[in-house]
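Below you'll find the structure, written out as structure tokens, and then a few comments.
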Amino acid sequence: MKEKILKILLEADDFVSGQKLCEELQVSRTAVWKAIRRLQEDGYRIEAVTNKGYRLTHSSEADVLGQVELERALEPLSWAGHPVIFKAQTGSTNEDIFALSEQEYPQGTLVAAAAQTRGKGRRGRTWISPENGNIYMSLLLKPGNDLQPVQAPMTTLVAALAVYKALLELDLPETLRIGIKWPNDVVVSKEGGEFKKICGILTEMRMEEMEIRDVVVGIGLNINQTQIPEEVISSATSLKIAADRTICRTELTAALWRHFEEDYEAFLSAGDLSPLRETYEGALVNRNREVRVLDPAGEYSGTAKGITEAGELIVIRNDDGKEMHIGAGEVSVRGVMGYC
Ligand code: BTN
């Protein structure tokens with residue numbers, strides 16, 4: 001009922017009379033009024049004017065997240081977010097996507113949640129995902145033969161770039177710098193301070209024989225969280241804390257997948273990250289900074305220069321000036337996210 005009223009209000013350009021709502025939904029005026037109250041409690045700004053009815057007032061400051069809003073915001077996209085499934089809470093959106101893939105859901109299926117109970121991070125870590133104004137979401141990719149297993153990790157860099165581009169579209173303070181810490185942490189720095197993580201991406205791939213069966217791109221974005229746990233306060237923050245304003249999760253979600261859709265197609269056509277490399281390098285906070293490479297064969301220091309077309313980090317070693325291409329493993333970066 002609440003959702004049906006929301007849909008009608010979203011589709012209307014002006015006031016919708018209480019009478020019209022009652023007739024369309026075959027319910028009493030009291031029932032309509034109660035549903036409107038519930039929507040207002042959920043954060044929707046709905047004007048109620050005598051003799052006119054109800055009108056949804058849009059505000060870029062309002063944070064809304066739900067099935068109806070997501071469907072509407074993602075509608076203009078070609079395939080990403082078709083379909084979208086919103087869950088107030090789930091175990092892990094990555095796991096949900098794998099389950100939906102089994103049921104033959106198509107490429108572009110998106111699961112978005114306001115909370116996760118078993119959120120997964122990289123390297124087997126947990127992604128703490130309470131309901132706190134953040135968003136947790138995963139997209140299904142079924143690239144078939146268009147993507148070879150060795151190319152799949154590059155998808156993560158495409159996703160980081162999409163998050164970065166979507167954030168740049170927000171009206172954020174000029175003193176806020178947004179960047180990417182290689183390979184896929186999106187970070188922000190407030191007034192020249194340390195870069196702190198606001199987004200983590202976990203890309204998982206399943207194989208069938210020698211082919212990719214499916215790929216899931218999972219993104220956790222700290223958006224309107226107001227408290228950061230003590231253990232991670234030096235390395236993590238949220239957009240709201242950094243920008244001092246509330247961000248609409250639905251709008252950001254749509255912008256992000258719009259960029260992803262476009263960049264993923266460019267990446268698939270090229271077969272590598274060459275069409276995205278320049279923009280990615282412009283966002284790279286590691287660029288021209290000292291990095292310490294934790295190579296199992298021996299640690300070394302160097303200067304990060306950019307990325308290869310395959311998304312490896314290019315590092316010039318301090319000791320012998322050799323150019324190294326780092327594809328996997330742990331790279332710590334001086335001056336970024338707590339490493340000094
Ligand atoms: C990281 O460790 O930096 C990656 C974290 C990825 C978390 C996201 S939240 C949505 C999706 N579902 C999961 O279980 N994990 C990813």
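Read the numbers this way: they start at 1 and go in the same order the structure lists the ligands and their atoms. Each residue takes its place number in the sequence, starting with 1. Bear in mind that the values here come from a model prediction, so they are computed numbers and not experimental data.
- Nearest-residue assignment for atom 1 (C) of ligand 1 (options M137, R123, R122; heavy-atom criterion): R122.
- Here is the list of ligand 1 atoms found below 4.0 Å of a heavy atom in G119: 14 (O).
- Ring orientation note: the planes of F260 and W257 are nearly perpendicular, at an angle over 60° on the 30°/60° scale.
- Ligand 1 has no N or O atom lying under 3.5 Å from any N or O atom of W127, backbone or side chain.
- Between the side chains of S238 and Q225, no donor-acceptor pair of N or O atoms lies under 3.5 Å.
- On a distance-only criterion, R118 and ligand 1 share no N/O pair closer than 3.5 Å.
- If you number the atoms of ligand 1 from 1 as listed, the ones under 4.0 Å from a heavy atom of K120 come out as 5 (C), 6 (C), 7 (C), 13 (C), 14 (O), 15 (N), 16 (C).
- Counting only heavy atoms of the protein, atom 9 (S) of ligand 1 lies nearest to Q116 NE2, 3.5 Å.
- Taking any N or O of K197, backbone or side chain, at least one lies under 3.5 Å from an N or O belonging to ligand 1.
- Under 4.0 angstrom from ligand 1, there are no non-hydrogen atoms of E95.
- Using a cutoff of 4.0 Å between basic side-chain nitrogens and carboxylate oxygens, R118 and E95 are not scored as salt-bridged.
- Of all protein heavy atoms, the one lying nearest to atom 8 (C) of ligand 1 is G220 N, 3.6 Å.
- The 12-atom threshold is not exceeded at CG of N51, counting heavy atoms of other residues, nucleotides or ligands nearer than 6.0 Å.
- A donor-acceptor contact under 3.5 angstrom links the side chains of D272 and S274, judged on distance only.
- Counted by atom type alone, Q227 and N132 present zero donor-acceptor pairs between their side chains at under 3.5 Å.
- Defined by atom type and a distance below 3.5 Å, a donor-acceptor pair is missing between the side-chain atoms of E194 and S189.
- Residues R258 and E169 are paired through a salt bridge, judged by an N-O separation under 4.0 Å between the basic side chain and the carboxylate.
- Contact between R125 and ligand 1 is absent, with no heavy atom of the residue lying under 4.0 Å from the ligand.
- The proximity of N184 to ligand 1, defined as any non-hydrogen pair under 4.0 Å, does not occur for either the backbone or the side chain.
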